[in-house]
Amino acid sequence: MINSIIKTIKDNRLIEIADKVLNGERITTDDGIYLFKHAEVGYLGTLANYIREHRHGNKTFFNKNFHIEPTNICVFDCKFCAYSRFLREKDNYDAWELTEEQIYDSIKAYEGKDITEVHIVGGVHPKMGLEYFKNLIENIKAIRPDIHVKAFTAVELDYMCKKAKVSYQEGLQILKDAGQGSLPGGGAEIFDETIRAQICKDKCTSEEWLAIHEAAHSIGMPSNATIIYGHIEKPEHIIDHMNRLRELQDKTGGFNAYIPLKFRNGNNQMSDIKEVSIVDDLKMYAISRIFLDNFSHIKAYWPMIGRQTTQLLLSFGVDDIDGTVDDTTKIYTMAGAEEQKPVMTTEQMINLIKDVGRQPIERDSVYNELRDYTVSQLV
Ligand code: V47
Ligand code: SF4
């Protein structure tokens, strides 16, 4: 069927790109830019869905997770961030800094529940360093040995390693020995140096972000990768970003998932920039699936993109929708995302996936399949 659809295309370059995809060949950076500029959404969806189904069939992965955000106090000043607060501000009425006890209580609250992952990220607090987080992870694992700890963006890791005067590899090894299992993909933003300088000039560089993920992969810690799209970047910058990730993935194979994060414009210093349309979202995810031929999973983070768009994206290259989350993150609610209370029960997660004809698979943090909900009943 796909071949007959392609025969209707008039643009020879788009036919060539489609042929590459159908033959399992890698597309070039110029092809990627061409797709952004000339391909319509139906064409992109057809190719991205072909790749998605070729790799995963109808399988759609999710996990049972929750987040801990130890603090929103941050030494950096990213223009898109609605969430962080400076330590020095006197009127910091909505800044928070959880105590260790509060963090351990939030882990204990899940006792007896079959949650498999805790995702820990936050602002870069000058007083929370490598030693603090090493102890924190050890104590979390003592309370809940079976839980996978996915923690710290490269931005947090860069700051804590530099402050502790250890190499990235040494710092990561300390955290791994304490029980950390993997790294989330945040902090990548956009790698192009000119755009990065305009939206988040004072935190770790693109090179440092990539070096941290490379160091993690070298010691057997997998990670994810993100991008923030839909602000002042151009297609060339998005493709450059994905190309740097594709090159690193060729080298290490350590990335699990790529997560395009839509720029949300609420309550930040870039609120004058209009958010992109849903058609642009669909194109972004589809081109990600087509370009990143060495990434197994393309993830839609539903608290950021919303439930209905998540359902649509399952036909535009996405095979993973993150987790149940349990209303434990504020990053996107504070930036104005539709999901003001991001919580989904397992049943809602399953129905969201089944309602668009896909197969709900509960996974663990490294994509072992735990349960197929098309054959297994919810208990
Ligand atoms: O690091 C912050 C981004 C990230 C905005 O790896 C924004 O499994 C858009 O990385 N508009 C945190 N983006 C979220 C994140 C994540 C989420 C779920 C799963 C995983 C994973 C990673 O969100 C931040 C920053 O890059 N961000 N503010 C904003 N206004
Ligand atoms: Fe800090 Fe992260 Fe917000 Fe940047 S995005 S200001 S590093 S919390």
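Every value quoted in this text rests on a predicted model; they were computed, and no experiment measured them. One-based numbering along the sequence shown. Every number for a ligand or one of its atoms is a count from 1 in the order of the listing.
- Not a single heavy atom of A82 sits less than 4.0 Å from an atom of ligand 1.
- Ring-plane geometry between H56 and H297 is classed as parallel, the angle between the planes falling under 30 degrees on a 0 to 90 degree scale with a further cut at 60.
- The protein heavy-atom contact nearest to atom 2 (Fe) of ligand 2 is K203 NZ, 4.5 Å.
- The shortest N or O to N or O distance between T153 and ligand 1 is not under 3.5 Å.
- Residue contact check: C78 has heavy atoms under 4.0 Å from atoms 4 (Fe), 5 (S), 6 (S), 7 (S) of ligand 2.
- Looking only at protein heavy atoms, the nearest one to atom 6 (S) of ligand 2 is S84 OG, 3.4 Å.
- The protein heavy-atom contact nearest to atom 1 (Fe) of ligand 2 is C74 SG, 2.3 Å.
- For K141, the NZ atom sits in a packed shell: over 12 heavy atoms of surrounding residues, nucleotides or ligands are nearer than 6.0 Å.
- When each of D114, D146, D322 is checked for a salt bridge (Lys or Arg N to Asp or Glu O under 4.0 Å) with K64, only D114 meets the rule.
- Counting only heavy atoms of the protein, atom 24 (C) of ligand 1 lies nearest to G187 N, 4.2 Å.
- In terms of protein heavy-atom proximity, atom 11 (N) of ligand 1 is closest to R264 N, 3.0 Å.
- Using the six-membered ring where Trp is involved, Y110 and F66 have ring planes that are parallel, under 30° apart on the 30 and 60° scheme.
- Residues Y168 and D158 have side chains that bring a donor and an acceptor to within less than 3.5 angstrom of each other.
- The shortest N/O to N/O separation between I228 and ligand 1 does not fall below 3.5 Å.
- Nearest protein heavy-atom neighbour of atom 26 (O) of ligand 1: E189 OE1, 2.5 Å.
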L172 vs L183, test: side-chain contact (heavy atoms from CB on, under 4.5 Å). Steps then yes/no. CA-CA 10 Å; L172 285 161; L183 272 56; 3.9 Å; yes

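- Using a 4.0 angstrom heavy-atom cutoff, K299 counts as in contact with ligand 1.
- Of all the atoms in ligand 1, the ones that sit under 4.0 Å from a non-hydrogen atom of N268 are 30 (N).
- Every atom of ligand 1 with a heavy atom of K262 under 4.0 Å away is listed here by number and element: 9 (C), 11 (N).
- Nearest protein neighbour of atom 3 (C) of ligand 1, counting heavy atoms only, is Y332 OH, 3.2 Å.
- Using a 4.0 Å heavy-atom cutoff, M304 is absent from the residues neighbouring ligand 1.
- Close approach to F80 involves these atoms of ligand 2, each under 4.0 Å from a residue heavy atom: 5 (S).
- For the residue pair Y229/E233, the side-chain donor-acceptor check at 3.5 Å is not satisfied.
- Ranking protein heavy atoms by distance to atom 3 (Fe) of ligand 2, first place goes to C81 SG, 2.4 Å.
- Looking at K150 next to ligand 1, an N or O pair under 3.5 Å apart turns up.
- Ligand 1 has a nitrogen or oxygen under 3.5 angstrom from a nitrogen or oxygen of G185.
- Counting atoms of ligand 1 from 1 in the listed order, those under 4.0 Å from a heavy atom of N224 are 6 (O), 8 (O), 21 (C).
- Of all the heavy atoms of V155, none lies under 4.0 Å from any atom of ligand 1, so neither backbone nor side chain is involved.
- H119 CE1, 4.1 Å is the protein heavy atom nearest to atom 16 (C) of ligand 1.
- Every atom of ligand 1 is numbered from 1 in the order shown, and the set under 4.0 Å from a heavy atom of I259 is 6 (O), 8 (O), 20 (C), 21 (C).
- Using cut-offs of 30° and 60° on the angle between ring planes, the pair H119 and H67 is parallel.
- Among all protein heavy atoms, the one lying closest to atom 10 (O) of ligand 1 is G186 CA, 3.1 Å.
- Looking at R52 and T60, their side chains do bring a donor and an acceptor atom within 3.5 Å of each other.
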side-chain contact (heavy atoms from CB on, under 4.5 Å), that's the test. Do Y43 and T46 meet it? Break it down for me. CA-CA 5 Å; Y43 164 97; T46 305; 5.7 Å; no

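- For the residue pair H213 / S223, a side-chain donor-acceptor distance below 3.5 Å is found, with atom types taken as modelled.
- Looking only at atom types and distance, the side chain of T116 has no donor-acceptor partner in the side chain of H148 under 3.5 Å away.
- F191 and H241 have parallel rings, their planes meeting at less than 30° on a 0 to 90° scale where 60° marks the start of perpendicular.
- Regarding atom 29 (C) of ligand 1, its nearest protein heavy-atom neighbour is F80 O, 3.8 Å.
- Contacts of V121 with ligand 1, taken as heavy-atom pairs under 4.0 Å, are absent altogether.
- In Q348, the CD atom is crowded: over 12 heavy atoms of neighbouring residues, nucleotides or ligands sit closer than 6.0 Å.
- Atom 15 (C) of ligand 1 has its closest protein heavy atom at L261 CD1, 4.1 Å.
- For the 3.5 Å distance criterion, the side chains of D11 and Y34 qualify, holding a donor opposite an acceptor.
- Taking every non-hydrogen atom of F263 and a distance limit under 4.0 Å, the qualifying atoms of ligand 1 come out as 9 (C), 11 (N).
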Could you give me the CA-CA distance, side-chain angles and deciding distance for I278 and Q308, then say whether side-chain contact (heavy atoms from CB on, under 4.5 Å) is met? CA-CA 10 Å; I278 191 170; Q308 286 188 337; over 6 Å; no

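- Residue contact check: P184 has heavy atoms under 4.0 Å from atoms 6 (O) of ligand 1.
- Side-chain contact of E16 with N12: a donor-acceptor pair under 3.5 Å is absent, judged by distance alone.
- Less than 4.0 angstrom separates some heavy atom of A335 from each of these atoms of ligand 1: 30 (N).
- The shortest N or O to N or O distance between H67 and ligand 1 is not under 3.5 Å.
- Y285 and F316 have their aromatic ring centers separated by at least 6.0 angstrom.
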